[in-house]
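Please read the structure below before turning to the comments.
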Amino acid sequence: RKEVEQDPGPFNVPEGATVAFNCTYSNSASQSFFWYRQDCRKEPKLLMSVYSSGNEDGRFTAQLNRASQYISLLIRDSKLSDSATYLCVVNELRAGGYNKLIFGAGTRLAVHP
Amino acid sequence: DTAVSQTPKYLVTQMGNDKSIKCEQNLGHDTMYWYKQDSKKFLKIMFSYNNKELIINETVPNRFSPKSPDKAHLNLHINSLELGDSAVYFCASSQGGSWGTTEAFFGQGTRLTVV
């Protein structure tokens, strides 16, 4: 089983649509969770952290379910500029207090007019 | 002022050559990483250094040798390059801690093509 698994996509949605991405992780000891965004031929950039209580940033809502080891990202009112690959990222705390960021393979989103 | 900078941005070289990629961060972070993103776009960790000390070494061929002269720099040297080494290599940094890590910042990537 992969350490972090995501829907591969692509998700093709019209502007204004609501779209949801899912992610599961295998290590129950994982400490913190993130969604990153990667545009074509660019570096990944942090979109938002994911907190246990769930969190919202404008049109974006992230949820974490530790019991099911499941993370989600909801995008409301999709914009053309939301077209990108969305990476689910899990931080594992290793012996010695060191961190290891593990990336999912990413979910591609294409928003069309 | 670029937070994480890596050079070169593009590298085209022949099989069998040795090459280096340099990375520098000016964020004061204590942890730096090298990631490889292959043609399938999967971003996979290769190495991680914390305060110049190697802490993560994934199953990477020993032709790849990272070097961290100080906590702001993490270079990657690759010996005897092979066709399968063609990929985009990303350097990143973050501030670690026992509670988990803060945001990781990535360099722009080095697109390596081995011919």
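Keep in mind the model is a prediction, meaning the values are calculated, not measured. To find a chain, count down the sequence lines: A is the first, B the second, and so on, and within it residues start at 1.
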Check each atom of A:Gln38 against the heavy atoms of chain B and say whether the ones under 4.5 Å are side chain, backbone, both or neither. side chain
Below 4.5 Å from any heavy atom of chain B, which atoms of A:Arg41 appear? Answer side chain, backbone, both or neither.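 Both the backbone and the side chain of A:Arg41 come within 4.5 Å of chain B.
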Student check: side-chain heavy atoms of B:Tyr35 and A:Leu101 closer than 4.5 Å: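 The answer is yes; the side chains approach within 4.5 Å.
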Would you say [X] and [Y] are hydrophobically clustered, going by side-chain heavy atoms of ILVMFWY under 4.5 Å?
X	Y	answer
B:Val4	B:Ile21	no
B:Phe105	B:Ile56	no
B:Tyr10	B:Leu81	no
B:Leu74	B:Ile55	no
B:Phe47	B:Tyr33	no

I'd like to know whether OH of A:Tyr70 has more than 12 heavy-atom contacts from other residues, nucleotides or ligands below 6.0 angstrom. yes
Heavy-atom distance under 4.5 Å to chain A: side chain of B:Leu43, backbone, both or neither?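 Looking at B:Leu43, backbone and side chain both touch chain A.
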Between B:Gln6 and chain A, with a heavy-atom cut-off of 4.5 Å, which part of the residue counts as in contact: side chain, backbone, both or neither?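 B:Gln6 has no heavy atom closer than 4.5 Å to chain A.
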Minimum-distance pair of heavy atoms, taken over all atoms of A:Gly104 and B:Phe42: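 What the structure gives for the nearest pair is C-CE1, 3.9 Å.
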Centroid separation B:Phe106 to A:Phe103 less than 6.0 Å: yes
